[in-house]
2 protein chains.
Amino acid sequence: MAKYKEVANEIRKRIKSGIYHSEEKIPDQESLAKEFGTSRVTVKKALDMLSVAGLVYTIQGSGTYVKKNAVNLAERNIQIGQNVGLTAAAGERLELKTKVLDFNVRFPDEEECNQLSIMKEEPVYDIRRLRILDEKPYSLEHTIIPISLAPNITKEILNRSLYDYLQGDLGIVFGDNRQTVRAVKPDANDKQYLHCSNEDPVLEVSKVMFLERGTPLEYSIVHHRYDMVEMSFINVSRDGLFG
Amino acid sequence: MAKYKEVANEIRKRIKSGIYHSEEKIPDQESLAKEFGTSRVTVKKALDMLSVAGLVYTIQGSGTYVKKNAVNLAERNIQIGQNVGLTAAAGERLELKTKVLDFNVRFPDEEECNQLSIMKEEPVYDIRRLRILDEKPYSLEHTIIPISLAPNITKEILNRSLYDYLQGDLGIVFGDNRQTVRAVKPDANDKQYLHCSNEDPVLEVSKVMFLERGTPLEYSIVHHRYDMVEMSFINVSRDGLFG
DNA sequence: TAGTGGTCTAGACCACCCT
DNA sequence: GGGTGGTCTAGACCACTAA
């Protein structure tokens with residue numbers, strides 16, 4: 001492991017264990033460099049990571065300080081913006097089932113061409129799945145994937161985990177993703193499969209998942225029951241790159 | 001401006017203007033360093049910024065490449081996760097009005113203590129505002145702020161822009177924020193002020209805004225009309241910091 | 001004015017990709 | 001094996017904070 005990551009990890013542990021307290025100034029970069037037997041640039045890089053992770057902040061000319069509430073963040077090692085399918089997110093002894101409602105191949109419509117940056121002659125998978133958590137209908141997922149990017153999908157794969165197949169079997173590595181969240185009225189499918197009444201709102205999440213190189217891999221529109229899902233995210237204030 | 005930012009800006013311009021094309025390999029770091037009269041480390045830092053911004057990706061041993069669709073991102077200089085109040089976000093000749101429905105001082109409840117990390121004896125402002133965009137009711141904002149952190153708020157300030165007052169007059173600098181989005185059924189206020197019917201869903205966004213040092217400044221719950229607001233965000237895949 | 005963080009350099013070595 | 005990115009160092013200078 002890179003040395004700056006080791007240093008970042010060690011400092012994170014110290015924050016977590018209370019060796020460096022909230023609101024407290026931690027040793028200066030020079031001292032840390034000496035302690036870890038490394039250079040100041042490397043220490044700086046480690047502190048930058050912790051800053052992005054929301055654990056510390058620096059004041060030029062003054063020092064580096066532990067943020068309030070930093071401990072909460074230090075506890076959990078998970079990364080914000082992590083891309084895990086629902087299957088992995090369930091955990092906790094809850095039983096997640098998937099029912100494939102529809103599995104077709106067709107040409108994309110205009111919106112799908114736009115989102116996936118493909119020609120309208122490039123065929124796509126059209127997948128509709130119902131997710132059931134602990135016997136309760138949970139979400140309706142409509143997924144569009146260009147066939148060329150993820151060949152040989154079968155109904156059997158969809159019954160297990162599509163993401164496991166893409167990541168594990170095909171060796172695909174996900175990159176960034178863009179999501180848009182709305183509240184919408186339930187449509188016929190929501191009423192039928194999610195058991196929504198007319199008054200039950202739906203949380204609609206549309207997402208485009210990209211590969212490392214920026215190629216759109218998957219366009220999905222997911223309808224969540226309003227009483228089973230909420231979405232959280234953290235905006236980290238960053239340097240104004242670009243003038 | 002720091003040299004690495006200048007380099008990042010110049011490369012961004014080249015991507016935007018098409019000098020470096022999508023999917024194309026850009027010159028190696030050594031060449032760029034020579035061209036810009038700087039060191040390779042500085043070029044690397046510039047490329048790291050562009051990578052975080054989603055414009056390029058690197059493959060060790062191979063080179064640095066322009067992402068597909070990078071141009072779209074290069075066009076707009078705005079930052080994801082930017083903290084702008086609605087007043088600034090309106091723009092576009094649309095008329096945004098604010099109506100203060102309620103402006104009180106009281107002690108916080110348990111949830112507010114929890115979110116704002118304050119004692120239950122620390123008084124807070126309790127603000128309810130209706131936002132109106134182009135004569136149409138837009139959102140209902142319920143804002144809780146510890147008095148000690150933002151003193152001397154007046155109804156007059158709320159009629160202008162609270163964020164302008166906090167940032168401009170008080171010189172407060174915002175840090176990170178955490179948001180949670182849900183779809184909920186309209187309550188009595190939503191029906192009255194947002195003109196929601198029983199079937200109109202509401203997009204509820206609860207947010208905690210932090211100061212640079214990690215102190216929670218503001219806890220807000222905003223109800224948006226489902227047909228006027230959607231929320232977008234980008235998850236950037238980052239290095240797995242921490243082992 | 002002393003302490004501290006931000007940036008930059010020149011050179012070095014390693015890891016990885018590709019032919 | 002040559003090309004390229006990832007990391008690291010020692011030293012330097014500047015910018016800012018705090019007393």
Practice task
Please work out which residues in residues 32-44 of chain A have a non-hydrogen atom less than 4.0 Å from an atom of DNA chain D and list them by number.
Solution key: Gly37(A), Thr38(A), Ser39(A), Arg40(A), Val41(A), Thr42(A)

Handout entry: Closest to side chain of Ile59(B), choosing from dC17(C), dC8(C), dT17(D)
Key = dC17(C)

Handout entry: Residue Thr64(A), side-chain heavy atoms: nucleotide from dG6(D), dC17(C), dG5(C) that is nearest
Key = dG5(C)

Do [X] and [Y] pair up side chain to side chain, a donor and an acceptor below 3.5 Å, judged on atom types alone?
X         : Y         : answer
Tyr165(A) : Glu156(A) : no
Glu122(B) : Ser148(B) : yes
Asp48(B)  : Ser51(B)  : no
Arg131(A) : Ser139(A) : no
Tyr20(B)  : Ser17(B)  : no

Can you measure [X] atom [atom1] to [N] atom [atom2] for me and round it to whole angstrom units?
X         : N       : atom1 : atom2 : result
Lys3(A)   : dA12(C) : NZ    : C1'   : 14 Å
Ile11(A)  : dG5(C)  : CD1   : C1'   : 14 Å
Gln29(A)  : dT9(D)  : CD    : P     : 14 Å
Gln60(B)  : dG5(D)  : CD    : P     : 10 Å
Tyr65(B)  : dG3(D)  : OH    : C1'   : 11 Å
Asp28(B)  : dT4(D)  : CG    : C1'   : 7 Å
Glu212(B) : dC16(D) : CD    : P     : 15 Å
Lys45(B)  : dG6(D)  : NZ    : C1'   : 15 Å

Problem - Residue whose nearest DNA chain D nucleotide is more 5′ - Lys25(B) or Gly61(A) - result: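 Its nearest nucleotide being more 5', the pick is Lys25(B).
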
Problem - Minimum heavy-atom distance Ser206(A)-Ile221(A), with the two atoms named - result: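 For Ser206(A) versus Ile221(A), the nearest heavy atoms are CB-CG1, 4.0 Å.
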
Handout entry: Contact under 4.0 Å: Tyr4(B) side-chain N or O vs dT7(C) OP1/OP2
Key = yes

Exercise for the section: Examine dG3(C): is either OP1 or OP2 under 4.0 Å from a nitrogen or oxygen in the side chain of Ser62(A)? Give yes or no. Expected result: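 Checking dG3(C) against Ser62(A), no side-chain N or O comes under 4.0 Å of OP1 or OP2.
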
Practice task
Classify the angle between the aromatic ring planes of Phe174(B) and Tyr163(B) as parallel (below 30°), tilted (30 to 60°) or perpendicular (above 60°).
Solution key: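 Phe174(B) and Tyr163(B): perpendicular rings.
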
